Enquirer: 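Input: one structure, supplied below.
Just so we're clear, the structure is a prediction, and the values are computed from it rather than from any experiment.
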Amino acid sequence: HPILRMISDFYYQKVATWEKTFDDSRDANLTLLEYASDSQYHVDNWVTRQLSNRHNGPVRGQDFLLAQRVLKEKLLILWLDDIDESVARLI
């Protein structure tokens, strides 16, 4: 879930001194709300950006629509819980 991922990243970025992206000059008193509200700290709408190939600038409505179309037309989900039906989809 994107919100849980952002919360996890917020706390991870405070202690991950081994990461190349670690920034010890970042305000230690930065709150989660400040982190979530400012895209300089995180990539917003990461999945939408990947699916629509929009890596810079704000995500627009047309980017969202393109991401939806990619999911509908190019994604096939197979469930391991019902492998017989999943395999039948491939055939």
Side-chain angles (χ1 to χ4, degrees):
H1 191 277
I3 293 173
L4 296 177
R5 183 180 57 80
M6 182 180 290
I7 292 169
S8 175
D9 189 55
F10 169 73
Y11 289 107
Y12 178 78
Q13 292 297 328
K14 288 184 173 236
V15 298
T17 56
W18 55 90
E19 292 284 355
K20 291 180 184 178
T21 58
F22 181 76
D23 182 3
D24 59 355
S25 68
R26 183 178 291 171
D27 183 4
N29 296 320
L30 182 71
T31 67
L32 180 57
L33 181 60
E34 292 167 332
Y35 176 83
S37 300
D38 193 336
S39 63
Q40 78 172 340
Y41 299 118
H42 62 87
V43 177
D44 63 325
N45 297 299
W46 183 83
V47 173
T48 302
R49 289 181 180 282
Q50 295 302 309
L51 292 171
S52 65
N53 200 31
R54 177 143 179 102
H55 302 288
N56 297 311
V59 174
R60 304 162 299 183
Q62 64 193 44
D63 301 319
F64 174 72
L65 294 174
L66 177 58
Q68 273 187 320
R69 194 173 91 221
V70 168
L71 287 174
K72 286 180 184 177
E73 296 176 3
K74 300 184 187 247
L75 183 71
L76 176 65
I77 298 174
L78 304 176
W79 296 104
L80 293 177
D81 292 344
D82 193 354
I83 195 66
D84 292 335
E85 181 182 336
S86 293
V87 171
R89 291 172 130 191
L90 291 173
I91 299 174

Enquirer: Excluding sequence neighbours, so at least two apart, what forms side chain to side chain contact (heavy atoms under 4.5 Å, CB included) with Thr31?
Expert: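 Here the qualifying residues are Leu33, Glu34.
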Enquirer: Are Leu65 and Leu51 grouped together when hydrophobic residues (ILVMFWY) are joined by side-chain heavy atoms under 4.5 angstrom apart?
Expert: no
Enquirer: Is there side-chain contact between Phe64 and Asn45, with heavy atoms separated by less than 4.5 Å?
Expert: no
Enquirer: Let me check something: any side-chain donor-acceptor pairs from residues 52-59 under 3.5 Å, sequence neighbours excluded? List them with distances.
Expert:
unit_1: Ser52; atom_1: OG; unit_2: Thr48; atom_2: O; d: 2.7
unit_1: Asn53; atom_1: OD1; unit_2: His55; atom_2: NE2; d: 2.9
unit_1: Arg54; atom_1: NE; unit_2: Pro58; atom_2: O; d: 2.8
unit_1: Arg54; atom_1: NE; unit_2: Asp63; atom_2: OD2; d: 3.2
unit_1: Arg54; atom_1: NH2; unit_2: Pro58; atom_2: O; d: 3.2

Enquirer: Check side chain to side chain contact (heavy atoms under 4.5 Å, CB included) between Ile3 and all other residues, then give those that pass, not counting sequence neighbours.
Expert: His1, Ile7
Enquirer: Hey, what do you get for CG (Leu66) to CD (Gln62), rounding to the nearest 0.5 Å?
Expert: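 Taking CG in Leu66 and CD in Gln62, the distance rounds to 8.5 Å.
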Enquirer: Under 3.5 Å, side-chain donor or acceptor atoms of residues 75-88 against the rest of the protein: list the pairs with distances, not counting sequence neighbours.
Expert:
unit_1: Ser86; atom_1: OG; unit_2: Trp79; atom_2: N; d: 2.7
unit_1: Ser86; atom_1: OG; unit_2: Trp79; atom_2: O; d: 2.9
unit_1: Ser86; atom_1: OG; unit_2: Asp82; atom_2: O; d: 3.3

Enquirer: Any chance you could pull the hydrophobic cluster mates of Tyr12, using side-chain heavy atoms under 4.5 angstrom and chaining through other members?
Expert: Trp18
